[in-house]
Amino acid sequence: MFRVICCAVGVLFAGSVLPAAAQHARLSGRVVDAESKQALPGANVVLTAADGNERGTAADEDGLFLFSGLLPGSYVLTVSLVGFEEHSDSLVLSLGEQQHRVISLLETTTALDQVTIQEEGTPEELEGVGIDIIPPDELARVPAPGLSADLSNYLTTLPGVVTRSDQGGQLFIRGGTPTQNLVLVDGVPVFQPFHLIGFYSAFPADIISHVNMYAGGFGAQHGGRIASVIDVHTDTGNKQRVEGAASIAPFLSSIQLNIPFVPNKVSIMGSVRESVIEQVSPALLGDSLPYHFGDQFARFHAFLNSISTLSVSFLHSFDEGQLGGVDENPKQIERDNIAVGAHYSFLPPTSAVRFEARTYYTAFRNTHSSFFASERYSNVTGFGGEMVFSYLMDPVDLSAGIFAKTNKFNYDIGDGEQNTHTTEGGLYLRALYDPVRTFSIEPGLRLHTYTSSGDITIAPRLRIAWEPIAGHRFTAAGGLYHQQIIGLYNLRDISDIFIAWRPSIRFQAVPSAVHYLGGWTGQILSGLELEVEAYHKQMRNLTFFAYNDLTGSTLQIARTDGRASGLDLRMRGSRGPFTFSAGYGLAEVVYERPGFSQVGGLSPPDLIPWRPDPSQPDRSSGFHPPHDRRHQLDAMISFSSASYTVSARWQYGSGLPYTQARGIYSVVPVLNPNDNFHTRPGNLAISFDEAFAARLPAYHRMDVSAARTFTFDAFQLVVQASVINAYDRANILDYNLVTGQRSNQLPMIPSLGIKASF
Amino acid sequence: MLNGYLDTAADTQFVRLNTLRQQALLDTTADISVRSVHEETGAIVHWQDSLVQLDDGALGRLFYGLFTPGTGATYTITAEAPDIRTTEVTTTLPQMPVLNPGRTDSICANGDTTAIQIIEWEQLDRRPRQAELTYTVRIPETGSLRMITLDYDMYRSPVVPCLAPEVPGAGVYGIFLEDNLQFILNSLDRRFDQPRPILEGLRMRISVLSNDWGVGEAPSSFGSVVDASASWVPPCEAISRAGYGLPAASSCGG
């Protein structure tokens, strides 16, 4: 394996230093915002030759683009991006000439007749099935309790994204579990990116440039997770002037600041948010919401010169809170994330290769304690790096990457402290072939080694896009995915959100999944777009906790196979000042009855939840896990004018599976004649019915918000009023079987927020 | 669910009843009946209901049946209520072990040290859970009888080398007459140079658990126990070699 990697590196470096053919010209450049000098990733760049031949590409995350192998002659360069005025320029390239241009786009001030929902992606990305490219202004449309628009709140509007409640910070994406999602911020993995309150992630909209959301079928550049990838790219920072904002609201207050450290070259951007809901909820709601959370983010970004950039990103988030449990003895959860990473990109002047290097450190800690169980904790740290070489040659773009990472685990889930680590590495190849603008194919291959199983996995990936009629695109995607490190959590108890990260079970195959996706996107009317996507995922070696009900806290690790299938529909459009969207998801997730690994020494017959009830007729071999939401509907409408914005959102989800309890009983084991069973009280235990055979009531909720913007010379003020759960629906969160106490999800919460920005 | 056991040494049997309920405390007023059936004969005993105060102050339900179970028999205890699923537990009592008189007179010496008597319980296919050995001795000076009891589990009765090549069965015990003498003297507060107590006899009591103990459908747990006892007098030679005073010649085993 080491020799293969060395040879691959040698070939890639050899290609990078070979000069382009002498008779061909080369045009490279960077697209930036004319005012702030921020890079504009995703800008559409088209080069038209005198004979009418066109070549197109899109600016990368640093705004860079490249055309190589050009014949000498006259060209017209056109650069466009939604929200900016189109730029057009003519140029002449002579034999072997290399030109580099900085294109500054002016922000448009005219209202758009039609909102273009999807932006052009980077050269490596094609929109279509399984991919959403989310601009930050989309995040701001979703009603939220406060002025800190957030990625998490937006993601829950997408069909196929399920949450079990509005608390906990767990997203289940197209049948996958939260620990099967890879969340990246500027290329750095974050283990727990979502806060305890479901409206918030560690990524406020103010710091986001765009988000690439892959709900399945993602390419070979991503690996290590089997469900989805949420790839967050933050702003590169305003390099012209100081910007800032501060907001205050009952849930979350925030401060952002951007400083051009070296004008036009270096910027430093930062954001701090912290919750105040624990202090204000008694007065606001008459009851305490025991949550304290916050996040801090900072990014250093530098244009080292016209062809290279360097950035360093830092993220810290924390959560403390009590979910469910008994009033006097709640379940206490504490979580802490740190993620730090550096990214360097370089476009050599004499080569058709773009080079990128990344390195990162990430750490996550969570603890869980309750009256009824001893404290559990899980700490995981990761360190990794990657080098990527991209050959940008129309009509084929090639990317090759080499990566390595190591993770260290320290945890105690009730059976003693465990310390272990994993190492993984590999390489990937991707090609993007688009012979014509209406067709593209993107094959990929990922080679990955895992220390836990001792295996080398080869994972093919493929994406095809075809636009036979203008405005109507068909896409298909699929691939094989693996995951070495796993996050174990309590499948049954919704208020137990503790996650134990650990390596996959030693010497057994790692969890894997095969994705099949297909879909169509098209304009059905002027200003109205419809998107239909179907998916099927076959999952193997899934791992989760199973509990021994008789003894309470003893854990076993169960392994099983599963599948997820679904159909997602999404409609978006606008008419004048109104923007609307609606999404519907139809899905089914099935797990097989698990077998058990004998971790902890218990044998399978001790596990009561999975033991068949002899009084019941024979059941199927499968069950629906607790994130199997059969129907999900989300509808949103917003009105925007120069000064006012009003939004309303209604969401509905059919009942989630849960395990019904038959009742409580006392356990008085009699193992020998000396056991006193006459007067010994025994221990209370809960008798459960068939696992996840019952369904909770449906969930629905309406949120509304209204904002007024005041614009002054030096600053802007926004005042927002909102109501979450406007008709105060009592959506169940948790039910304590011993005390009979029921906990509900968030009640009706009015809030008022103010934000000042300059 | 039912928790308890049948005991051949008792004329009243008990079982603790627990019900599946929606609250932490047990409903002690629910209409529940308990009966036992002797499977071999079909004889039915209806058990009586009683309330007991548990160690934590709450009330529990304890049913009792007035009968002595027979060894080797199978009993099914059933709890029934009009609106609750019937619960049943079943236990098969072990056979009554019998001390083999043909082995009580076997003696051997473990090398050149201890005088040991070998005894064997028959109709025993498992090691008893508990065994007690009682020495009955007479004080020479006063003529009074004293009884001293020792726990005689596997620790006190390991595999005896002088039994080779025989493989000892579950009911084979080595009675370490000579080793136990020091314990006897200590219990009687007698010195080694004083006249030795006269060994009038031995009595052994064993408890044997049924095979279904702890095996039934959880969370019910039920089983049964058989107590057996036997008395004998070791051979005069063994008594003498072990250092005890000899009883009347006609009393010795042999």
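So you know, we letter chains A, B, ... as the sequences are listed, proteins then strands, and number each from 1.
- A 6.0 Å sphere centred on CZ of B:R146 holds no more than 12 heavy atoms belonging to other residues, nucleotides or ligands.
- Side-chain atoms of A:P673 and B:L209, non-hydrogen and from C-beta on, do get closer than 4.5 Å to each other.
- With sequence neighbours left out, the side-chain contact (heavy atoms from CB on, under 4.5 Å) criterion links B:P69 to B:L6, B:T8, B:Q13, B:F67, B:Y75, B:L93.
- Counting all heavy atoms, side chain and backbone alike, B:R129 lies closest to A:N674 at NH2-ND2, 2.8 Å.
- The aromatic ring centres of B:F14 and A:F677 sit 6.0 Å or more apart.
- For the options B:L62, B:D7, B:V52, heavy-atom pairs under 4.5 Å to chain A are most numerous at B:L62.
- The main-chain N or O of A:P681 is never found under 3.5 Å from a side-chain atom of B:D56 such that the two would form a donor-acceptor pair.
- In terms of non-hydrogen atom pairs under 4.5 Å with chain A, the most contact-rich of B:G57, B:G4, B:A58, B:S207 is B:G4.
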Given side chain to side chain contact (heavy atoms under 4.5 Å, CB included), test B:D55 with A:N676 step by step and report yes or no.
-> CA-CA 11 Å; B:D55 296 340; A:N676 168 26; 4.0 Å; yes

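- Listed by chain and residue number, B:T136, B:R138, B:E200 satisfy the side-chain contact (heavy atoms from CB on, under 4.5 Å) test with B:L145 (two or more places apart in sequence, or in another chain).
- The contact between B:N18 and chain A is made entirely by side chain atoms (from C-beta outward), counting heavy-atom distances below 4.5 Å.
- The contact between B:R16 and chain A is made by backbone and side chain atoms together, counting heavy-atom distances below 4.5 Å.
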